[in-house]
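Everything quoted here is computed from the prediction, not taken from an experiment. Both counts, for ligands and for their atoms, begin at 1 and track the order of listing.
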Amino acid sequence: MTPSLPASSAPSITARLEGVRSRIADACRVAGRDPASVTLTAVSKTQPPAAIDAILAAGQQVFGENRVQEAQGRWTARRPGLPGLELRLIGPLQTNKAAEALALFDVIETLDREKLARALATAAEASGMTPRVLVQVNTGAEPQKAGVPVDGVEGLIARARDLGLIVEGLMCIPPVEADPGPHFDLLAELARRNGLAVLSMGMSGDFEAAVARGATHVRVGSALFGERIGL
Ligand SMILES: *Cc1c(COP(=O)(O)O)cnc(C)c1O
């Protein structure tokens with residue numbers, strides 16, 4: 001049997017999008033923030049074309065993807081018809097995919113080492129593009145997780161700037177079992193100290209807490225599309 005979405009999937013994605021947007025607006029009101037200061041990044045990894053069509057029709061224009069190749073398959077053909085589209089890479093990037101990532105993504109949120117900064121700079125030189133990046137911080141000091149250690153943040157920002165990258169802000173993924181609040185506070189403090197405006201933090205389970213702590217970009221997948229099948 002071919003898996004297919006139920007006929008009701010389009011209206012339900014629209015309703016979910018409205019629900020998430022209004023929860024962000026409520027969290028902004030509670031925090032005394034302008035709702036326009038928070039961008040909803042819809043995490044579209046693994047989603048089938050019908051779900052993408054539905055959320056585009058509902059007006060969503062900013063998307064996050066974890067994998068370069070998967071994102072190419074989903075977005076390369078759609079992109080020319082979508083002038084307002086913004087694509088953000090939120091998964092780990094290998095240096096040998098730097099050029100492809102730069103060609104597809106508007107912002108790379110997962111810069112976490114000098115070697116990758118150098119690869120992006122080289123790709124930028126070849127293509128004439130200027131990479132916009134966030135530095136991913138391993139706020140929980142988890143050995144298996146991507147992200148620069150907290151004590152390496154300042155150095156990596158400086159190095160990336162030397163190489164001509166535009167460092168717009170910071171991104172983090174708190175440890176799964178932890179209270180995310182202190183991790184969001186730490187990321188916000190690191191951004192303040194380094195004069196950075198963009199804070200990508202908060203996912204389906206904790207985006208309101210992230211908004212309360214200054215998130216400018218929340219990355220929401222399952223709350224918009226339903227539970228994912230696979231990674
Ligand atoms: C998958 C993913 C998300 C979205 O997760 P949900 O819990 O489905 O909202 C956000 N950020 C990153 C880095 C992800 O890989």
Full working for salt bridge (charged side-chain N to carboxylate O under 4.0 Å, His left out) between Asp26 and Arg23: CA-CA 5 Å; Asp26 287 345; Arg23 284 169 63 192; over 6 Å; no
Ile90, portion touching ligand 1 at heavy-atom distance under 4.0 Å: both
Val220 neighbourhood, listing ligand 1 atoms whose heavy-atom distance to it stays under 4.0 Å: 9 (O)
Sub-4.0 Å atoms of ligand 1 with respect to non-hydrogen atoms of Ile173: 13 (C)
Sole residue of Gln136, Glu168, Glu109 in side-chain hydrogen bond (donor to acceptor under 3.5 Å, both in side chains) with Ser200: Glu109
Nearest-0.5 Å distance that lies between atom CG in Leu134 and atom OG1 in Thr216: 8.0 Å
Option with minimal heavy-atom separation from atom 14 (C) of ligand 1, where the choices are Arg88, Arg219, Lys45, Arg67: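 Selected option, by shortest heavy-atom distance: Lys45.
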N or O pair under 3.5 Å between Gly205 and ligand 1: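 N/O-N/O distance under 3.5 Å: no.
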Cationic N near anionic O, under 4.0 Å, Asp179 to Arg213: no
Ring pair (Phe, Tyr, Trp, His ring centres under 6.0 Å) partners of Phe63, counting only residues at least two apart: Trp75
